[in-house]
Amino acid sequence: MKFTYFHLMPFDGLPEDFAQKHRSVWVDIDPRLMDVRRIHHLYNDYLDELEHAARTGFDAIGVNEHHSNAYGLMSSPNMMAASLARRTADTDAKILVMGDAVPLYNPPIRIAEELAMLDVISGGRLITGFPLGSSQDTNYAYGIKPATVRERYYEGFELILKAWQSQEVFSHNGRYTKLRYVNPWPKPLQQPHPPIWVPGSGSLETMDFAIRRGFPFFFLSYFGTEFSGSMLRRFWERAEAAGVDDNPYRVGMFQPILVADTDEEAERLYADHVKYFYRRCTHTYPGFAEAPGYKSVESLRAVLPPPGAKSTARPDSFRAARDYEWADFINLGIIIAGSPSTVREKLEHLSSTNRIGNWIALMHIGDMPREKAMNNIELFATKVKPGLSGVFSQYEHHWWPKPIPGFEPAAVAPVAVAR
């Protein structure tokens, strides 16, 4: 089993009455709430946390992409990954870029160039994750027409793959991108290309795309184990129907994980930060969540309650979570938290039940201070992960960076510390 320490890089200065006085944390959030001097410190704290995770034994460290929001301050995950590539050169931790959102790049060849640079700088440690992009980002912050998003994604994705693999200069005459000369220098160090993971929040088209192209599917959800389990069952059903094997490394799961010495200590340490996240960081105007045309009718039906259900609310809605207390988050499996043994047992159960070979661990949540995040990382790496790394060891992970024959990585000079 593989574990990635993943960071959203949230803003921690939203006022307590944010949800009452402001419409949305995303797209039209009031710029006057921004404290750029505070964000300077946050960026450096968050990079420290990612580097610490790499050194304590996480298999990978991960960054992502969002725009016009205080939920996640990484508008350019490649900038963060470039910093991490150098500062973690003395580790074997892989670097997951769970961006770039393909429809947002014009031309998308820019993604091929920047990710190739990252793979070369890091010595072949890059894992790429190409999301469609949230409706907030693609349709509202960047103005992409909703009905064209998936077409742009497919076209850009194929262009990136061809650019990485072609040994000839070629032309691209697509519907959305037209290039007379495609010739990126350099190509990726990993051949034919770095591993590709496909993240999604439940669209059946995204599952089918991952299955069809032979890439693992990563489910992104904040809504608990029951909902995520139902979506992963759909994936495995569709995978079986397509005739692919049941290798658990075909699936990854995004999950908030919080570790303390005891279950009671976990509540004391982390409850306020979880509430900050679900009451402020996810306070998004519903009209921004899914622009008409962004998601297909079939995918919308897959998340709607069945006829006659007690609740008509969608299970993938943040609204209910705003009123949850710690016990609700725990009982619904929205977060996995507690002592090392509690966390280990829950992860092992969920892994075996849903055949999850990869975990994307969100271990900094909300306005959590650096010291608590560092402690969470340390406890997980030393007391939880060792008991789980051997799970699914009988399977080969086909979507993980492999050693490059005959390659000797560069020796990176240590960072000089001024006195």
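One-based numbering along the sequence shown.
A pairwise comparison of heavy atoms in Asn376 and Val259 identifies OD1-N, 2.7 Å as the closest pair. The two residues Ala163 and Val182 have their closest heavy-atom pair at CB-CG1, 4.0 Å. Minimum heavy-atom separation, Phe215 to Trp399: CA-NE1, 4.1 Å. Minimum interatomic distance between Leu14 and Tyr276 (heavy atoms only, all atoms of both residues): N-OH, 3.0 Å. For the residue pair Thr88 and Arg55, the shortest heavy atom distance occurs at CA-NH2, 4.3 Å. Closest approach of Ala70 to Ile29, counting heavy atoms only: CB-CD1, 3.6 Å.
Ring centroids of Trp197 and Phe218 are separated by less than 6.0 Å, placing the two rings close together. Taking the six-membered ring for Trp, Phe254 and Tyr222 have ring centres closer than 6.0 Å. Aromatic rings of Tyr278 and Tyr324 (six-membered ring for Trp) have centroids beyond the 6.0 Å cut-off, not under it.
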Chi angles and distances behind the side-chain contact (heavy atoms from CB on, under 4.5 Å) call for Asp28, Ser24
CA-CA 7 Å; Asp28 63 354; Ser24 184; 3.5 Å; yes
Start with the C-alpha distance between Leu258 and Lys372, add both sets of side-chain angles, then the distance that settles side-chain contact (heavy atoms from CB on, under 4.5 Å), and finish with yes or no.
CA-CA 10 Å; Leu258 304 166; Lys372 287 187 183 180; over 6 Å; no
Please test Lys145 against Glu151 for salt bridge (Lys or Arg N to Asp or Glu O under 4.0 Å), starting from the C-alpha separation and ending with a verdict.
CA-CA 11 Å; Lys145 293 180 180 178; Glu151 286 184 354; over 6 Å; no
Residue pair Tyr395, Asp245: steps toward the side-chain contact (heavy atoms from CB on, under 4.5 Å) verdict
CA-CA 11 Å; Tyr395 292 90; Asp245 62 40; over 6 Å; no
Could you walk me through whether Thr138 and Tyr153 pass side-chain contact (heavy atoms from CB on, under 4.5 Å), step by step?
CA-CA 11 Å; Thr138 58; Tyr153 178 87; over 6 Å; no
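Side-chain atoms of His67 and Asp137 include no donor-acceptor pair closer than 3.5 Å. Under 3.5 Å, the side chains of Thr206 and Arg150 contain a donor-acceptor pair of N or O atoms.
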Please output the side-chain donor-acceptor pairs of residues 359-368 that fall under 3.5 Å, not counting sequence neighbours, one pair per line with the distance.
from	atom 1	to	atom 2	distance (Å)
Trp359	NE1	Ser351	OG	2.9
His364	NE2	Met368	O	2.7
Asp367	OD1	His273	ND1	2.8

Side chains of residues 97-112: which donor-acceptor pairs under 3.5 Å do they make with residues two or more places apart or in other chains?
from	atom 1	to	atom 2	distance (Å)
Asp100	OD1	Asn78	ND2	3.2
Asp100	OD1	Tyr105	OH	3.1
Asp100	OD2	Asn78	ND2	3.3
Tyr105	OH	Glu65	OE1	3.3
Tyr105	OH	Glu65	OE2	3.4
Arg110	NE	Glu114	OE2	2.7
Arg110	NH2	Glu114	OE2	3.3

Would you tabulate the side-chain donor-acceptor contacts of residues 332-339 under 3.5 Å, counting partners in other chains and residues two or more places apart, or write 'none'?
from	atom 1	to	atom 2	distance (Å)
Ser339	OG	Asp263	OD1	3.4
Ser339	OG	Ser341	OG	3.1
Ser339	OG	Thr342	N	3.2
Ser339	OG	Thr342	OG1	3.1

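Between Lys275 and Arg280, every side-chain heavy-atom pair lies at or beyond the 4.5 Å cut-off. Using a 4.5 Å heavy-atom cutoff, the side chains of Arg38 and Phe11 are in contact. Residues Val251 and Leu232 form a side-chain contact, since some pair of their non-hydrogen atoms from C-beta on lies under 4.5 Å apart. Residues Ser134 and Trp26 are in side-chain contact: their nearest non-hydrogen atoms beyond the backbone lie under 4.5 Å apart. Residues Gln136 and His66 form no side-chain contact, since every pair of their non-hydrogen atoms from C-beta on lies 4.5 Å or further apart. With contacts defined as side-chain heavy-atom distances shorter than 4.5 Å, the pair Leu33/His22 qualifies. Counting only heavy atoms from C-beta outward, the side chains of Thr56 and Tyr5 never approach each other to under 4.5 Å. Under the 4.5 Å side-chain criterion, counting only non-hydrogen atoms from C-beta, Glu240 is not in contact with Asp246.
The backbone N or O of Pro386 sits nowhere less than 3.5 Å from a side-chain atom of Ser389 that would complete a donor-acceptor pair. Within the 3.5 Å criterion, the main-chain N or O of Gly124 finds a donor-acceptor partner in the side chain of Gln190. Looking at Asp30, its side chain does come within 3.5 Å of a backbone N or O of Arg32 through a donor-acceptor pair. Side-chain atoms of Asn69 never come within 3.5 Å of backbone atoms of Val25 as a donor-acceptor pair (strictly under, hydrogens ignored). Formation of a donor-acceptor pair under 3.5 Å by the Arg125 side chain with backbone atoms of Ala93 is found in this model.
Other residues, nucleotides and ligands contribute over 12 non-hydrogen atoms within 6.0 Å of the CD atom of Gln20. By the 6.0 Å contact criterion, CD on Glu158 is enclosed, its count of non-hydrogen atoms from other residues, nucleotides or ligands being greater than 12. Heavy atoms of other residues, nucleotides or ligands lying less than 6.0 angstrom from NZ of Lys383 number 12 at most. Within 6.0 Å of CG on Asp272 lie no more than 12 heavy atoms contributed by other residues, nucleotides or ligands. Taking a 6.0 Å sphere around NZ of Lys21, one finds it holds 12 or fewer heavy atoms contributed by other residues, nucleotides or ligands. The neighbour count for Met117 CE, taken as heavy atoms of other residues, nucleotides or ligands under 6.0 Å away, does not exceed 12. Around atom CD of Gln165, more than 12 heavy atoms belonging to other residues, nucleotides or ligands sit under 6.0 Å away. Surrounding CD of Gln394 are more than 12 heavy atoms belonging to other residues, nucleotides or ligands, all under 6.0 Å away.
For the atom pair NE2 (His41) and CZ (Arg370), the distance works out to 12.5 Å, reported to the nearest 0.5 Å. One distance of note links CD1 of Ile211 with CG of Leu204; it measures 9.5 Å at 0.5 Å rounding. The CE atom of Met9 lies 9.5 Å from the CG atom of Leu42; values are rounded to the nearest 0.5 Å.
Taking the charged nitrogens against the carboxylate oxygens, Asp119 and Lys187 have no contact shorter than 4.0 Å, which rules out a salt bridge. With respect to Arg279 and Glu325, a salt bridge is recorded, a charged nitrogen being found less than 4.0 Å from a carboxylate O.
Relative orientation of the Phe223 and Phe227 rings is perpendicular, given thresholds of 30° and 60° on the angle between their planes. Taking the six-membered ring where the residue is Trp, Phe380 and Phe58 present parallel rings, their angle staying beneath 30° rather than reaching 60°.
For the ring pair (Phe, Tyr, Trp, His ring centres under 6.0 Å) test with Phe217, the passing option among Tyr249, Phe130, Trp236, Phe235 is Phe235; the others fail.
Judged as a salt bridge (charged side-chain N to carboxylate O under 4.0 Å, His left out), and not counting sequence neighbours, the contacts of Glu265 are Arg268. Under the salt bridge (charged side-chain N to carboxylate O under 4.0 Å, His left out) criterion, Glu51 pairs with Arg87, sequence neighbours left out. The side-chain hydrogen bond (donor to acceptor under 3.5 Å, both in side chains) check on Asp208 picks up Arg238, with sequence neighbours excluded.
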